[in-house]
Amino acid sequence: MKVATWNVNSVKARIDVVLAWVKQADPDVVGFQEIKCLDENFPRFEFEALGYHVETFGQKSYNGVAILSKHPMQDVVRGIDGYADEQSRYIEVLVTPKGGTPLRFVNLYLPNGNPAPGPKYDYKLAWMAALQARVASLLYDEERLVVAGDYNVIPEPADVHNPAAWLKDALFLPATRAAFRRFEALGLTDAIRACNALPNQYTFWDYQAGAWQKNNGIRIDHLMLSPQAADVLREAGIDRHVRGWDKASDHVPAWCVLN
DNA sequence: ATGCCGCCAACATGGCGA
């Protein structure tokens, strides 16, 4: 089963590019972030025509997450259970392949947190604490679980082209990285890192200042696996080439294969 | 120091968020 995550930076503005990647990559399950539309405006029919079930948790203008799955989905939860959040950043499903092992899939868009310090950074850290509690609870079920999305966290210096330039950024501050380490220490496996120990495997390049051309990127989109999912991890990758397409998102898809 | 892009309200462009 191929499982992917992609911050599409507006699904409506980017529908042609998004469809092109979905057809090319052919994921079984994919989580989109920053769909930037209400549920009723999500272009669901275009994806249903490709054989996908669609679950959305949209919002006007900003944020918004969605999950496409070729297999039926159950237990859809919108928002982190027990955490009041005005922003649509989290959706959780149980993917149930016919005759196969179910997969719990979380798709998240973690707050950016800039400028830090400040209320936006406080929100980021509070959100990470809520996520930690929710995933800790899910891990008790000992299922195959993938917690994927745009984490807005650069885990290590090897995940950023120029670490010195990011030292005061909410994506790379010590408190951010510490929170992410605590999260990983629940027993999660970073699929990209597990399959590829090379540094500088980026998933985001800013539109500004020729960041793509200079390979001035960061790795902030992650697929975090429960032990039961990590046991069946076969392959993982980043579809870097998508960043070079016309009308590209500033993020590219990341994916892994479980079987 | 700045360089981009998409959203909105509302017709021109400015504010916001990333």
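In what follows, every chain begins at residue 1, and chains take the letters A, B, ... in the order their sequences are listed.
- Counting non-hydrogen atoms under 4.0 angstrom, A:Y109 reaches the backbone sugars and phosphates but no base.
- Between B:dG6, B:dA9, B:dA18, one nucleotide has an atom nearer to the side chain of A:K60 than all others, and that is B:dA9.
- At B:dC5, none of the side-chain N or O atoms of A:K36 fall inside 4.0 Å of OP1 or OP2 (strictly under the cut-off).
- Distance from the side chain of A:Y207 is smallest for B:dC4 among the nucleotides B:dC16, B:dC4, B:dA18.
- B:dG14 and B:dG3: their P atoms are spaced 14 Å apart (whole Å).
- Considering only side-chain N and O atoms, A:R243 lies nowhere under 4.0 angstrom from the phosphate OP1 or OP2 of B:dC4.
- Ring geometry for A:Y151 against A:F183 counts as tilted: the plane angle lies between 30° and 60°, on a 0 to 90° scale.
- Contact check, A:K12 against B:dC7: no side-chain N or O comes under 4.0 Å of OP1 or OP2.
- Taking the P atoms as reference points, B:dC5 lies 26 Å from B:dA10, given to the whole Å.
- Counting heavy atoms from C-beta outward, A:Y202 and A:I238 have side chains that stay 4.5 Å or more apart.
- Take the nearest nucleotide of DNA chain B for A:D206 and for A:S10: the residue whose nucleotide is more 5' is A:D206.
- For A:I15 and B:dG6, the CD1 to P distance is 14 Å, given to the nearest whole Å.
- Counting heavy atoms from C-beta outward, A:M1 and A:V29 have side chains that approach closer than 4.5 Å.
- When each of A:A13 and A:E34 is assigned the nucleotide of DNA chain B with its nearest heavy atom, A:A13 is the one assigned upstream, toward the 5' end.
- Going from the P atom of B:dC11 to that of B:dA1 covers 36 Å, rounded to whole Å.
- As rounded to whole Å, 8 Å separates atom P of B:dC8 from atom OH of A:Y62.
- Contact annotation: A:Q208 side-chain N/O to B:dC4 OP1/OP2 distance is not under 4.0 Å.
- If you take CG of A:N7 and P of B:dG6, they are 13 Å apart, rounded to a whole angstrom.
- Between the CD1 atom of A:I35 and the P atom of B:dG17 there is a distance of 19 Å, given to the nearest Å.
- Counted by atom type alone, A:N107 and A:R89 present zero donor-acceptor pairs between their side chains at under 3.5 Å.
- Rounded to whole Å, the distance from CG on A:N63 to C1' on B:dC8 is 14 Å.
- The gap from the P atom of B:dT2 to that of B:dT13 amounts to 23 Å, rounded to the nearest Å.
- Rounded to an integer number of Å, the gap from CZ of A:R14 to C1' of B:dC7 is 12 Å.
- A:Q59 places its CD atom 14 Å from the P atom of B:dC7, with the value rounded to the nearest Å.
- Applying the 4.0 Å criterion to OP1 and OP2 of B:dG3, one finds that A:K214 has every side-chain N and O outside that range.
- For the pair A:E184/A:M224, a side-chain contact is recorded, criterion being any heavy-atom separation below 4.5 Å from C-beta on.
- Taking atom CG of A:N9 as the reference point, atom C1' of B:dC16 lies 14 Å away to the nearest angstrom.
- Side-chain contact between A:W245 and A:W21 is present, with at least one heavy-atom pair separated by less than 4.5 Å.
- For A:A209, counting side-chain heavy atoms from C-beta on, the closest listed nucleotide (B:dA9, B:dA18, B:dG3) is B:dG3.
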